[in-house]
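Residue numbers start from 1 in every chain, and the chains themselves are labelled A, B, ... in the order their sequence lines are given, proteins ahead of strands.
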Number of protein chains: 2
Amino acid sequence: MLRLSHLTDYGVVLLSQLAQEAPALVTAPGLAASTGLPAPTVAKLLKVLTHAGLVSSHRGAAGGYTLARSPVCISVGEVIAAIDGPLALTACVEGAVEVCKVESSCPIRGRWSKVNAALKHALSEISIAELATPGSPVHDMPAASGVALSH
Amino acid sequence: MLRLSHLTDYGVVLLSQLAQEAPALVTAPGLAASTGLPAPTVAKLLKVLTHAGLVSSHRGAAGGYTLARSPVCISVGEVIAAIDGPLALTACVEGAVEVCKVESSCPIRGRWSKVNAALKHALSEISIAELATPGSPVHDMPAASGVALSH
DNA sequence: TTTAATCTGGACCGAAGCGGTACCCATTGG
DNA sequence: CCAATGGGTACCGCTTCGGTCCAGATTAAA
């Protein structure tokens, strides 16, 4: 349903939590406790986020995790790309190495990239800080009429 | 990977094809032939699109399908919503009837809706007509630096 | 009136991706 | 030297999705 995976959702939650506890060093079990997420999953996610350069890890006995940069400089798009993989709506847009069987007759060919670019732009303009700051408007935008539909 | 389902992709292709053949009445097998997509799938999709009010159906011997409105008035977001379901990135945003176990400790609570709204807006501004018009720039936007990453 | 073409609705099945878990190794401070 | 912590990998079950098929309803044409 054009929904991101649970993992990505959790990833953003973790980063937000790290942002709130910054600049403290937090352990994986600690984060699991403060967010309420299952510990093994948290550990797995932190590895991925470390690999993507979004959090810094400190190994050893008194180790833990910290944000790699200011939360203002981490966009939601980056997190999605780090966990869910590169943001590509259709197979046509990404590496494009794979052949599209119906490419010759496809009436829109490479034009998905326009949609893709719009999405990337929208996601790159929202930072983790905006999602994490407490005290900001919490209410959902009222039904945000525009695209929402039945089903 | 934040990728939409094949069905949705096909749906946009079908609408684009219908737009190009407008205002002719096209049969389901006809569309399957002109797009190169499997016939049963095309039939299934057309039912859904009809239900969503995006295409008009004419039953009977000389029946077929047509676009319900001008392709300029059909946004990509609508198509996605019709096929993939309502556009909601996380479970927190939609009906919200279901309970989020970690809601109390979740550091971002209802704030996903901001991202959601941004996406909806971006998708509602691109029409089928823009994807279907032949002769427009076909080349992918050059790597659209911004969010794209490894993986 | 008969016939054939077409849409309508629902059920079904196989495959693939994802979420979750467990295990063992590397590193480092006490 | 030891214990605590991160790092990496492999595995398994489940849900969801893509694709197919069939029987019924509708309508233009012969």
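- Taking atom CG on B/Leu46 and atom C1' on D/dT20, their separation rounds to 16 Å, with Å as the unit.
- Here B/Thr41 reaches the OP1 or OP2 of D/dT20: one of its side-chain N or O atoms lies under 4.0 Å away.
- Heavy-atom nearest nucleotides on DNA chain C were determined for A/Thr8 and for A/Gly60, and the one closer to the 5' end corresponds to A/Thr8.
- Side-chain contact between A/Leu123 and B/Leu2 is present, with heavy atoms from C-beta onward closer than 4.5 Å.
- Taking every side-chain heavy atom of A/Tyr65 into account, D/dG6 is the closest of C/dT8, D/dG6, C/dT6.
- Atom-to-atom, CG of B/Leu7 to P of D/dG18 comes out at 4 Å; the value is rounded to the nearest Å.
- For A/Lys44, taking side-chain heavy atoms from C-beta onward, the closest of the listed nucleotides C/dT28, D/dG8, C/dT21 is C/dT21.
- If you check D/dA28, C/dC18, D/dG19 against the side chain of B/His6, the one that comes closest is D/dG19.
- Summarising the geometry, the separation between CG on B/Leu25 and P on D/dA28 is reported as 11 Å, rounded to the nearest angstrom.
- Heavy atoms of B/Ala43 sit nowhere under 4.0 angstrom from any nucleic acid atom.
- Between the NE2 atom of B/His51 and the P atom of C/dG9 there is a distance of 6 Å, given to the nearest Å.
- A 6.0 Å sphere centred on NE2 of A/His6 holds no more than 12 heavy atoms belonging to other residues, nucleotides or ligands.
- The side chain of A/Lys47 sits closest to D/dT9 out of C/dT21, D/dT9, D/dT5.
- The CG-P distance, from B/Leu45 to D/dT20, rounds to 12 Å in whole Å.
- For the pair B/Arg59 CZ and D/dA28 C1', the computed distance is 13 Å after rounding to whole Å.
- Comparing atom distances between the A/Pro38 side chain and each of D/dT5, D/dT20, C/dT21 picks out C/dT21 as nearest.
- Contact annotation: the side chain of A/Leu131 never approaches that of A/Leu15 to less than 4.5 Å [non-hydrogen atoms, C-beta and beyond].
- Between B/Tyr10 and the phosphate of D/dC17, there is no side-chain N or O to OP1/OP2 separation shorter than 4.0 Å.
- Counting heavy atoms of neighbouring residues, nucleotides and ligands inside a 6.0 Å radius, atom NE2 of A/His51 does not exceed 12 of them.
- A straight line from CG of B/Asp84 to P of D/dT16 spans 14 Å, rounded to a whole angstrom.
- Here the side chain of B/Ala61 is nearest to one of D/dA28, D/dT9, D/dT20, namely D/dA28.
- Looking at A/Asp9 and B/Trp112, their side chains come closer than 4.5 Å, going by heavy atoms from C-beta outward.
- The nucleotide whose nearest atom lies closest to any side-chain atom of B/Ser57 is, among C/dT27, C/dT8, D/dG8, C/dT8.
- For B/Pro29, counting side-chain heavy atoms from C-beta on, the closest listed nucleotide (C/dC7, D/dT20, D/dG7) is C/dC7.
- Distance, A/Leu18 CG to D/dG6 P: 11 Å, rounded to whole Å.
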